[in-house]
Amino acid sequence: MKIGLFSSKKYDKVVFHQINSGQHEITYHPVRLNKDTVKLASGFEAICCFVNDEIDASVIASLSNMNVKLLALRCAGFNNVDLPAAKANNLPICRVPEYSPHAVAEHTCALILDLNRNIHRAHNRIRENDYSLDGLLGFDLHGKTVGVIGAGKIGRAFIKIMLGFGCNIQVCDPDYAQPDNPKIKKGDLDDVLQNSNIISLHCPLVPSTHHMINQAAIDKMKPGVMLINTSRGGLVDTSAVIRALKNKKIGHLGLDVYEEESEMFFEDFSDTFIQDDVFARLQTFPNVTITGHQAFFTKEALEKIARTTLTNIEHFQRGEFDKVHFVST
Ligand code: NAI
């Protein structure tokens with residue numbers, strides 16, 4: 001198939017080229033797909049997109065007019081796609097439902113360890129020949145309660161890791177069955193908010209979960225709680241979180257995602273300045289660690305993403321629709 005791959009980076013090219021081995025004709029567009037760039041989709045049978053492409057109703061209508069047959073997401077989440085518009089235009093959408101839950105779970109853990117033990121600050125101090133320990137005090141993870149909101153593939157991989165540290169787990173997820181393990185308790189969102197020393201988000205962003213971590217939710221949390229979001233930025237009301245950092249209700253914040261990330265993440269702005277004042281404020285806190293949507297970014301995950309995306313396209317081309325990981329519209 002002729003595939004137009006948007007938001008492409010050097011590493012996408014390397015891995016897709018290696019796994020494709022000449023079977024499909026792939027054109028790599030470094031720009032994000034949105035209403036301004038959609039004309040670049042002309043002439044392709046399949047369009048391949050990532051997390052920050054803006055696949056709204058106007059983009060979908062244009063793709064449909066251009067006779068694009070398939071929109072292949074090379075990610076798990078599909079909150080950036082207008083699904084009713086895709087249905088109305090008969091544009092099938094497929095995705096990579098799972099590539100490496102371990103990659104995201106391990107990165108979540110990396111944020112927790114970094115924040116708790118102040119690794120980023122210690123690293124900078126040592127480079128300045130400052131070997132003092134004031135301000136670097138952490139706490140034992142052992143015996144603490146970790147709240148997990150969403151125990152799907154990533155949430156469950158994360159729970160396994162945190163059990164290894166000797167943590168107690170408080171889960172909320174309507175689809176999670178209470179396991180036979182006294183260290184894990186299933187409850188509702190309030191149980192997680194009220195009982196946890198660390199709260200980690202692993203549920204999808206849908207209208208009902210937008211800003212699920214808002215002022216009211218923060219009010220229910222333990223003072224000094226650590227909040228980690230490696231899921232989707234829109235789950236968290238950033239302004240409420242900044243207020244809670246200022247009054248110390250939130251003791252640590254780890255983010256791999258940010259609600260307004262699409263204008264910034266995955267690009268190099270090091271020779272300019274940040275326009276987003278909320279994001280700039282976040283960066284002023286010593287107890288906030290932010291990574292730029294890199295939780296998925298392991299060798300294994302990239303290979304699985306490319307392989308599943310190309311397999312989806314191949315099954316679609318052959319009419320083996322039962323083997324395609326469609327997003328239901
Ligand atoms: P999954 O579909 O396996 O699990 C999601 C779980 O959330 C399900 O068990 C579901 O029942 C639960 N859930 C849904 N609504 C909920 C609610 N209101 N409260 C509590 N639980 C709820 O998805 P998976 O693979 O575990 O991924 C989770 C999220 O991680 C994705 O939606 C995506 O946004 C994010 N992600 C982030 C990546 C990154 O690089 N930072 C990479 C991959 C995924």
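By convention here, the first residue in the shown sequence is residue 1.
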Answer yes if the side chains of T230 and H107 hold a donor-acceptor pair under 3.5 Å, and no otherwise.
-> no
Flag, side chain of K185 to backbone of I169, donor-acceptor distance under 3.5 Å | no
Count the heavy atoms belonging to other residues, nucleotides or ligands that lie under 6.0 Å from NZ of K9, then report whether that count exceeds 12.
-> yes
Would you check, one step at a time, whether the test side chain to side chain contact (heavy atoms under 4.5 Å, CB included) holds for L302 with T298?
-> CA-CA 6 Å; L302 279 190; T298 65; over 6 Å; no
H252: which of L227, D114, L115 passes side chain to side chain contact (heavy atoms under 4.5 Å, CB included) = L115
For A151 and I159, the nearest pair of non-hydrogen atoms, with its separation, is CB-CD1, 4.2 Å
Excluding sequence neighbours, so at least two apart, what forms salt bridge (charged side-chain N to carboxylate O under 4.0 Å, His left out) with R32?
-> E54, E263
Main-chain N/O of A103 paired to S100 side chain as donor or acceptor, under 3.5 Å | yes
When you measure from the side chain of K323 to the backbone N and O of N312, does any donor-acceptor pair fall under 3.5 Å?
-> no
With the threshold set at 4.0 Å, does a side-chain nitrogen-carboxylate oxygen contact exist between K35 and D56?
-> no
On the 0 to 90° scale, with breaks at 30° and 60°, tag the F316-F326 ring pair as parallel, tilted or perpendicular.
-> perpendicular
Sole candidate of T311, L310, T308 that passes side chain to side chain contact (heavy atoms under 4.5 Å, CB included) when paired with I19 | L310
Does a sphere of radius 6.0 Å around NE2 in H17 hold more than 12 heavy atoms from other residues, nucleotides or ligands, not counting ones at 6.0 Å or beyond?
-> no
Taking side chain as C-beta onward, heavy atoms only, is V192 less than 4.5 Å from V171?
-> no
Within the distance-only criterion (no hydrogens, no angle test), does the side chain of N229 pair as donor or acceptor with the backbone N or O of V236 below 3.5 angstrom?
-> no
Short side-chain donor-acceptor distance under 3.5 Å, E128 and N124 = no
Can you tell me if NZ on K87 sees more than 12 non-hydrogen neighbours from other groups inside 6.0 Å?
-> no
S132 and D134: side chain donor to acceptor below 3.5 Å | no
Does CD in E25 sit with more than 12 non-hydrogen atoms of other residues, nucleotides or ligands closer than 6.0 Å?
-> no
For F165 and H142, what are the C-alpha separation, side-chain angles and deciding distance, and is it a ring pair (Phe, Tyr, Trp, His ring centres under 6.0 Å)?
-> CA-CA 6 Å; F165 279 106; H142 188 270; 9.8 Å; no
Tracing side-chain links under 4.5 Å among I, L, V, M, F, W and Y, which residues wind up in one group with Y131?
-> I126
Distance-only, no hydrogens or angles: does the K249 side chain make a donor-acceptor pair with backbone N or O of M221 under 3.5 Å?
-> yes
Any chance the rings of F6 and Y28 have centres within less than 6.0 Å?
-> no
Only counting residues at least two apart or in another chain, list the ones meeting side-chain contact (heavy atoms from CB on, under 4.5 Å) with H293.
-> V51, R232, D256, V257, E261, F265, F266, F296
Considering only heavy atoms from C-beta outward, does the side chain of L282 approach that of T284 to under 4.5 Å?
-> no
For N80 against F50, the heavy-atom pair lying closest together = ND2-O, 3.0 Å
Say whether, by atom type as modelled, one donor and one acceptor occur between the side chain of N34 and the main chain of T37 under 3.5 angstrom.
-> yes
Would you call D12 and R74 a salt bridge, using N to O less than 4.0 angstrom?
-> yes
Quickly, which of I218, L235, I250, D237 forms a side chain to side chain contact (heavy atoms under 4.5 Å, CB included) with I213? Name it, please.
-> I218
May I ask you to decide if L91's main-chain N or O and N89's side chain share a donor-acceptor pair within less than 3.5 Å?
-> no
E303 and R307 ion-paired at < 4.0 Å = no
Closest heavy-atom pair, A240 versus N214, reported as atoms and distance to 0.1 Å, is CB-C, 4.1 Å
Which is it for L71 and C49 under the side chain to side chain contact (heavy atoms under 4.5 Å, CB included) test, yes or no, and what are the steps along the way?
-> CA-CA 7 Å; L71 179 64; C49 292; 3.7 Å; yes
Would T27 and H29 count as having a side-chain donor-acceptor pair, cut-off 3.5 Å?
-> no
Measure the OG1-CZ distance between T289 and R121 for me, rounded to the nearest 0.5 Å.
-> 10.0 Å
Check whether I119 and L141 end up in the same hydrophobic cluster, where Ile, Leu, Val, Met, Phe, Trp and Tyr are linked by side-chain heavy atoms less than 4.5 Å apart.
-> no
Answer yes if the ring centres of H315 and F321 are under 6.0 angstrom apart, and no otherwise.
-> no
Which heavy atom of T309 sits nearest a heavy atom of L73, and at what distance?
-> OG1-O, 4.2 Å
Over-ring placement of R281 relative to F285, 6.0 Å and 45° cut-offs = yes
Closest non-hydrogen atoms of F158 and H202, given as atom of the first, atom of the second and distance, are CD2-NE2, 3.7 Å
Answer with yes or no whether the side chains of Y258 and D276 bring together a donor and an acceptor at under 3.5 Å.
-> yes
State, without any angle test, whether N195 and Q170 hold a side-chain donor-acceptor pair at a distance under 3.5 Å.
-> yes
Is it true that E300 and K304 make a salt bridge, defined as a side-chain N closer than 4.0 Å to a carboxylate O?
-> no
Are N197 and V225 close enough, and set up right, to give a side chain to side chain contact (heavy atoms under 4.5 Å, CB included), and what steps lead you there?
-> CA-CA 5 Å; N197 305 102; V225 64; over 6 Å; no
Should we count CG of D322 as having more than 12 external heavy atoms under 6.0 Å?
-> yes
Determine whether the side chains of D53 and S7 contain a donor N or O and an acceptor N or O closer than 3.5 Å.
-> yes
Does L111 belong to the same Ile/Leu/Val/Met/Phe/Trp/Tyr cluster as L113, with side-chain heavy atoms less than 4.5 Å apart forming each link?
-> yes
Do side-chain atoms of N20 reach the backbone of H24 as a donor and acceptor pair under 3.5 angstrom?
-> yes
Non-hydrogen atoms of T209 and P204 that approach each other most closely | OG1-O, 2.8 Å
Before giving the answer on side chain to side chain contact (heavy atoms under 4.5 Å, CB included), spell out for E320 and V324 the whole-Å C-alpha distance, their side-chain angles and the decisive distance to 0.1 Å.
-> CA-CA 7 Å; E320 295 168 355; V324 180; over 6 Å; no
